[in-house]
Amino acid sequence: MPEPTPFNGSNTAWLLISTALVLLMTPGLALFYGGLNRSKGVLNMMMMSFSSIGLISVMWLFYGFSMSFGEDTAGGLMGKLSSFPGTKTFLAETDLWGTTGIPVYVFMTFQMTFAVITVALISGAISDRAKFAGWLLFAFGWATLVYFPVAHNVWGGGWIFQQFHPLDFAGGTAVHINAGAAALGVALVLGKRIGWPRESMKPHNVPFVALGAGLLWFGWFGFNAGSELTVDGVTGLAFINTQVATAAAVLGWVLVEWIRDRKPTLVGASSGAIAGLVAITPACGFIDPWAAVLLGLVAGVVCALAVSLKYRFGFDDSLDVVGVHFVGGWIGTLWLGFFANTKANSAIESAVGAQDGLFFGGGATQLGRQAAAAAIVTVWSFVIAFGLAWIINKTVGFRVSTDAEVEGIDITEHAESGYDLHNPGGGGGGSTGAFALAGIGGSASAPAAQAPASESVAG
Amino acid sequence: MPEPTPFNGSNTAWLLISTALVLLMTPGLALFYGGLNRSKGVLNMMMMSFSSIGLISVMWLFYGFSMSFGEDTAGGLMGKLSSFPGTKTFLAETDLWGTTGIPVYVFMTFQMTFAVITVALISGAISDRAKFAGWLLFAFGWATLVYFPVAHNVWGGGWIFQQFHPLDFAGGTAVHINAGAAALGVALVLGKRIGWPRESMKPHNVPFVALGAGLLWFGWFGFNAGSELTVDGVTGLAFINTQVATAAAVLGWVLVEWIRDRKPTLVGASSGAIAGLVAITPACGFIDPWAAVLLGLVAGVVCALAVSLKYRFGFDDSLDVVGVHFVGGWIGTLWLGFFANTKANSAIESAVGAQDGLFFGGGATQLGRQAAAAAIVTVWSFVIAFGLAWIINKTVGFRVSTDAEVEGIDITEHAESGYDLHNPGGGGGGSTGAFALAGIGGSASAPAAQAPASESVAG
Amino acid sequence: MPEPTPFNGSNTAWLLISTALVLLMTPGLALFYGGLNRSKGVLNMMMMSFSSIGLISVMWLFYGFSMSFGEDTAGGLMGKLSSFPGTKTFLAETDLWGTTGIPVYVFMTFQMTFAVITVALISGAISDRAKFAGWLLFAFGWATLVYFPVAHNVWGGGWIFQQFHPLDFAGGTAVHINAGAAALGVALVLGKRIGWPRESMKPHNVPFVALGAGLLWFGWFGFNAGSELTVDGVTGLAFINTQVATAAAVLGWVLVEWIRDRKPTLVGASSGAIAGLVAITPACGFIDPWAAVLLGLVAGVVCALAVSLKYRFGFDDSLDVVGVHFVGGWIGTLWLGFFANTKANSAIESAVGAQDGLFFGGGATQLGRQAAAAAIVTVWSFVIAFGLAWIINKTVGFRVSTDAEVEGIDITEHAESGYDLHNPGGGGGGSTGAFALAGIGGSASAPAAQAPASESVAG
Amino acid sequence: MKLVTAVIKPYQLDAVKEALHALGVAGLTVSEVQGYGRQKGHTEVYRGAEYTVEFVPKIRVEIVTDELDFEKVVDAIVTAARTGKIGDGKVWVTSVDEVIRVRTGERGLDAL
Amino acid sequence: MKLVTAVIKPYQLDAVKEALHALGVAGLTVSEVQGYGRQKGHTEVYRGAEYTVEFVPKIRVEIVTDELDFEKVVDAIVTAARTGKIGDGKVWVTSVDEVIRVRTGERGLDAL
Amino acid sequence: MKLVTAVIKPYQLDAVKEALHALGVAGLTVSEVQGYGRQKGHTEVYRGAEYTVEFVPKIRVEIVTDELDFEKVVDAIVTAARTGKIGDGKVWVTSVDEVIRVRTGERGLDAL
Ligand SMILES: Nc1ncnc2c1ncn2[C@@H]1O[C@H](COP(=O)(O)OP(=O)(O)O)[C@@H](O)[C@H]1O
Ligand SMILES: Nc1ncnc2c1ncn2[C@@H]1O[C@H](COP(=O)(O)OP(=O)(O)O)[C@@H](O)[C@H]1O
Ligand SMILES: Nc1ncnc2c1ncn2[C@@H]1O[C@H](COP(=O)(O)OP(=O)(O)O)[C@@H](O)[C@H]1O
């Protein structure tokens with residue numbers, strides 16, 4: 001790591017808030033995924049995201065951060081576990097990250113939120129049918145064997161970085177291609193939901209989808225512009241590129257729907273936003289705004305078409321993690337091979353040792369490097385995800401029983417259900433529904449039983 | 001533009017986060033409007049907001065920013081398109097905005113989010129009956145012919161500014177009066193919803209309304225305090241004024257309901273918050289906190305009464321854009337004529353060339369200027385909005401068919417519906433409803449049909 | 001107050017955004033509580049939170065801030081009202097808070113949001129049965145007699161501080177124990193909901209609960225890390241501790257459910273997050289990350305068990321304010337007696353005059369002080385809350401009638417209902433339900449009646 | 001005694017209610033149903049997949065009335081519910097052996 | 001065989017269920033309905049506009065039972081559902097020609 | 001004329017609809033109900049408290065058909081709805097005095 005520089009207040013303030021923004025993305029994702037899902041599995045869907053926050057955060061503190069950002073070991077495949085032991089405290093004046101003037105803990109937490117959401121992204125592929133215990137095992141294993149080392153390879157100066165100097169500003173390769181490939185692997189192992197694709201499995205709550213997309217968009221500014229770590233012109237570039245690319249992607253996706261289905265949808269607009277955010281992620285700090293608009297448009301159009309692939313090939317990537325994150329990630333990653341521009345950001349050469357893209361006189365070199373890095377991560381993630389899921393399924397079991405799936409995974413895995421607003425609006429009349437009023441939501445058990453009458457002053 | 005000053009880290013960090021906050025306001029608005037709407041049009045309502053983000057952002061990059069903040073042209077009516085061409089890149093050390101030390105791109109994106117939400121605000125007046133294509137045309141036209149030039153006139157040092165030196169800290173005139181007047185125009189053209197006002201058209205999801213209001217409140221701190229651009233005492237003043245005025249407006253609106261309807265409502269509390277935020281917007285950086293509390297109280301009370309005007313005059317401003325934004329905007333704008341105070345913010349004189357308000361010894365001059373500027377914007381926006389809508393309606397058509405309106409615009413314009421949680425809580429019992437379980441949400445088509453059976457390792 | 005230091009841009013920017021984050025927590029809480037509640041009382045639940053924002057903010061400006069942070073008076077029991085009169089303006093160069101370089105108004109607004117949410121927290125204990133007028137009186141009285149002075153005692157250098165030098169970084173004692181004790185008092189006075197505990201009173205909207213928890217988590221970074229006021233290493237420590245403790249608490253709570261109920265729930269994961277956030281609040285800036293993980297785990301487990309106490313003792317703390325905030329607050333407060341560590345934060349000794357915890361060689365002194373301070377606040381808050389509620393109930397009345405409670409408090413107290421999406425998805429088919437389409441949500445009255453037909457250009 | 005059951009278009013409920021009111025019908029019970037028949041449903045799209053929704057939302061109205069009036073009731077409903085478009089719905093009549101008002105225990109006509 | 005249909009106040013459902021259980025009624029089917037009758041609905045306000053909601057949420061209970069028991073069933077329901085306030089609801093009885101248990105195909109009494 | 005009412009498991013609705021379609025049944029009306037019977041509900045937990053949910057979601061299918069066909073209709077439903085597990089539901093048949101098509105006013109068989 002480079003020699004320390006003095007503490008920097010505004011950089012630190014910016015990274016602190018960026019971290020909070022990225023953390024918010026996972027609940028946002030839970031809402032986005034939850035709304036896209038059928039109502040009988042909304043809680044399980046959200047639970048997979050919330051459990052990632054819980055599990056991965058702790059893993060990250062104790063060994064994940066070291067594996068990703070510790071000193072090279074194993075030939076650069078991962079970082080030394082002893083680099084940042086979770087039991088040691090890093091609060092000395094000099095415990096700053098590189099040349100940013102930011103305390104180690106702030107950078108550590110910022111990156112923690114990346115690990116959390118990357119794992120959560122995968123869950124969208126396996127809705128309504130994955131045993132919760134199986135999911136936790138998978139999250140633990142995949143983060144340890146894939147995300148932590150891959151992050152080291154792409155961002156921590158590891159082997160892939162040394163070999164290919166790939167450009168990945170905020171995580172097109174390390175996050176989205178990575179999660180997308182894993183999603184495909186685990187979806188293949190778990191197989192299709194009962195009734196898919198014959199039956200309708202429409203989103204149960206589209207406003208949630210849109211709100212989730214809005215929260216993700218909001219948080220993504222921390223994800224992308226925060227990844228500059230410092231506050232400077234490039235931070236502003238990453239920020240505006242994130243905004244305009246995403247806006248263009250919304251238009252692109254909606255356009256495809258309008259032409260193909262004759263109807264633009266809100267789910268489409270929301271999905272387009274995510275596709276744009278994904279595609280601009282690796283490129284936001286390395287290209288010009290006009291190129292970002294173009295990228296967003298392309299990503300919106302291509303992803304809108306890509307989500308139909310699962311029907312052609314017959315794999316049930318339930319909420320289109322592959323069609324949006326895998327495809328979108330690849331688009332953004334390759335885009336840099338064409339539009340990366342050292343004039344926009346000199347760090348491309350100085351810091352990453354990469355080159356201008358094809359359209360900026362850099363030739364095809366960088367394009368090749370981008371493809372190589374992305375391909376390696378794709379294989380790495382897919383193979384291990386598939387293997388892990390397969391083993392889990394053969395041992396503790398990963399897929400729920402048919403009966404459980406028909407009754408609904410929320411009830412069978414979590415013993416709760418998303419809503420109890422039975423017939424809200426009681427006939428549009430506003431009062432709560434008869435069943436809800438009837439209070440036949442079951443009668444309480446033991447704890448209630450043993451409850452003695454309490455004195456009520458008011459009673 | 002003034003001569004450049006060195007880059008300023010904390011100002012930039014603050015404006016970056018403020019920009020993210022303002023961007024979040026539009027999804028928040030979508031939720032607020034969506035919840036206020038009937039369930040059969042919630043998606044169309046939200047779609048109008050999301051499409052504004054997509055469309056206006058791109059327009060802004062390529063020519064909107066130049067029209068609003070470029071060098072004077074056409075006698076100050078708008079800015080030169082050549083000032084900031086979207087194809088040029090502004091990343092030089094010296095590409096900073098005025099004396100703020102903030103990169104041009106950061107200021108450009110901050111203002112972009114203002115343009116986005118101003119257009120989205122209008123949509124609240126035409127719920128459940130506007131063709132989506134018509135809406136997009138309207139958004140494009142109104143932004144180009146009204147918002148961009150008006151912003152130049154009020155904030156870009158344009159003609160109105162030169163003539164009247166109006167005080168508008170964050171957009172009472174440029175945003176709220178502007179959008180409110182347009183809302184009235186387009187609502188008159190589209191006419192009333194079928195059954196209005198005889199039928200009940202109550203909000204379909206009040207928690208969404210409250211959450212939307214909460215998100216708007218949160219984002220509004222970026223909108224108001226961010227408009228100082230720099231971090232200083234006035235930023236703090238704008239911030240606290242935003243908070244206390246809004247709080248007082250909540251009390252004011254609820255009070256009116258309590259007295260008039262004998263019941264305070266959550267929709268009322270949420271609406272009061274918006275009314276307060278609107279009214280304090282132009283004044284937040286120019287008045288004292290106690291005057292802000294008074295302003296909020298007045299705005300809450302007056303707007304609570306103003307929303308009934310549509311029944312008296314019989315125009316269907318569906319979600320009360322006029323009653324809240326137009327009226328609230330005028331209140332805040334005129335308020336400055338009474339309470340503007342150079343002791344609170346010397347920039348009133350030094351930067352804007354305006355004067356103390358009537359109650360601070362400045363006489364009626366500023367009051368007159370405020371009224372003049374607001375009146376011009378009112379006419380400008382109303383006339384063009386009405387004309388645009390009328391033309392669109394006569395050509396491509398702006399209003400949907402009666403059958404479509406009765407069936408529901410979500411289905412007919414977007415081929416989707418807000419919710420599929422049929423009988424959630426299945427008898428309060430928690431399991432999902434019978435229909436949802438029956439999976440009779442329709443059967444999938446083509447894509448499904450062509451899908452070959454895939455191997456499932458788990459199956 | 002200490003002598004002024006020059007204005008500090010990054011500190012101010014950080015506290016501004018932290019303030020916005022904490023303000024967002026109250027709408028987040030409204031959603032969390034609203035979702036946990038039955039559907040017939042969701043609006044009343046949210047209304048109690050929104051009304052706190054309105055009422056307490058104004059009280060804070062005019063006298064609350066002075067009572068909490070003004071100069072000592074009444075032997076340190078409260079601050080002088082004349083210290084910061086709401087009518088005076090504090091905008092001089094020198095109006096900065098202590099040694100932070102932050103404008104007084106920014107600090108004042110930051111603390112304002114704490115007062116707001118502390119009052120709102122209490123409402124969770126009295127859902128579905130409290131007259132709204134009674135609630136407002138209670139909020140006014142409790143804030144004035146308890147929160148304002150207690151804040152002075154704990155944070156404003158008041159009596160308790162002078163006596164015990166308790167450690168409370170962001171409000172374990174002043175906020176959570178304080179609100180929890182009050183919740184118990186008012187819940188006892190109001191008595192149990194009809195049918196409790198025999199009947200099922202399950203959450204009506206679990207996705208809201210999870211989203212609310214997510215927003216609270218997000219905002220809590222401002223609450224905890226913001227409480228350092230400045231941007232430095234300790235801010236980073238408070239931030240990472242907040243994240244890892246909360247994550248661990250999610251795991252802890254879910255673990256208990258898994259073992260005890262054989263089913264981990266999303267409500268559990270969300271509740272665990274809140275428990276962790278509560279427990280880490282007083283400790284976040286004073287302990288090491290590994291100790292924070294441990295604290296979170298303990299808080300998650302203990303609170304998961306504590307929420308069953310109400311059944312054993314038969315008091316209807318409807319949404320578990322006592323089980324989560326009171327218990328969690330105590331855990332975090334006492335934790336400092338064991339794990340407080342001056343190496344992690346020297347301010348423990350230099351600023352607070354406190355000592356290392358038992359496990360760091362400080363002996364049991366600090367543990368005793370923590371317990372003493374917490375105990376005093378517990379009694380102070382409980383007694384006054386109980387008394388206030390009792391008086392309100394005997395005079396204007398605090399509990400609604402039995403009929404009103406059975407019909408639903410939203411209708412009877414607020415004349416509105418949460419949802420009107422009757423049979424959304426009309427048979428899973430997506431179109432809105434028949435009743436909603438039938439528009440039998442009632443027919444509009446007077447205002448409609450007097451409405452003359454308006455010309456519709458489109459019609 | 002007769003039970004008249006009508007399955008109608010939601011938007012016609014107001015008209016039907018008025019018509020019955022005019023007839024002096026003291027009470028009725030409505031519920032939400034989904035209909036399947038000549039009237040086809042609609043199509044929805046979700047990320048490129050099309051779904052045909054065959055069921056159409058309808059309102060079921062139930063009225064217990066006496067032997068003599070039921071024809072009037074039927075006619076009133078049919079007239080009020082008619083739009084002339086496919087999907088206007090059906091009305092059917094069944095015999096009721098007995099009807100009781102819960103509050104008073106009254107039976108037969110007095111219970112209506 | 002008889003079909004007993006009862007429209008009752010939601011909050012009374014528990015009591016009715018208990019009463020029927022005591023009678024040894026093996027099964028029943030409930031659904032949500034909206035009632036219109038002597039009992040008036042309530043009023044709601046939305047931004048200054050008042051709305052009168054005429055329909056009241058009710059629960060419909062259906063029980064298929066045999067010729068002999070149905071009087072007992074009716075009495076049990078009426079007693080359990082009564083609060084004495086307007087809106088307690090109605091109970092009506094119709095004749096059933098045949099009943100079949102899907103699982104076994106059993107008919108008549110065996111199907112209950 | 002007869003009214004065939006069937007209370008079935010939600011997941012079986014598709015099969016039943018197909019079977020009736022095959023029989024040439026022109027239309028039907030479905031609604032959501034909650035069943036109580038031999039089939040037990042499920043348990044939910046909320047912060048340590050357990051709740052037993054006794055009611056099970058079911059679908060009610062109503063078909064008005066003529067005297068002659070109704071046996072076929074009943075058989076078709078029973079066969080299609082059967083899973084052999086407890087809770088498959090019931091089918092019952094009642095007599096209809098008259099049926100009218102709202103759109104045309106046609107009566108009897110022509111109305112179906
Ligand atoms: N045989 C039937 N039994 C029960 N309900 C029926 C029957 N046929 C039609 N319906 C109901 O009547 C409604 C209207 O019938 P449909 O055939 O669509 O139009 P129309 O009655 O104008 O020919 C259907 O949606 C369904 O709810
Ligand atoms: N003629 C009727 N046919 C069908 N249902 C009726 C009829 N009259 C009343 N009901 C139902 O009975 C309920 C109670 O009737 P209502 O007149 O309000 O009170 P009460 O029965 O105590 O006089 C109504 O809400 C409605 O659902
Ligand atoms: N006597 C009855 N009257 C009306 N509906 C009934 C009756 N008995 C059962 N049902 C309905 O039939 C459904 C299935 O009955 P159940 O006893 O659970 O299974 P099975 O019919 O296979 O024995 C119940 O959920 C309920 O809706």
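Letters go in sequence order (proteins before strands), and every chain restarts at 1. All values reported here derive from a predicted model rather than from experimental measurement.
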| task | Would you indicate whether the side-chain heavy atoms of F/Y46 and C/V267 approach each other to under 4.5 Å? | result | yes

| What is the minimum heavy-atom distance between F/Y51 and C/E199, and which atoms define it? | CE2-O, 4.1 Å

| remark: Closest heavy-atom pair, F/G48 versus C/S308, reported as atoms and distance to 0.1 Å, is CA-OG, 4.5 Å

| message | Working to the nearest 0.5 angstrom, can you tell me the gap between F/E50 CD and C/R260 CZ? | response | 9.0 Å

| request: With a 4.5 Å cut-off on heavy-atom pairs, point out which of C/D261, C/V307, C/V206 contacts chain F the most. | output: C/D261

| said: Heavy-atom cut-off 4.5 Å, strictly under: side chain, backbone, both or neither for C/T265 against chain F? | reply: side chain

| said: Looking at C/L305, is its backbone amide N or carbonyl O close enough to the side chain of F/R47 to form a donor-acceptor pair, meaning the two atoms are under 3.5 Å apart? | reply: no

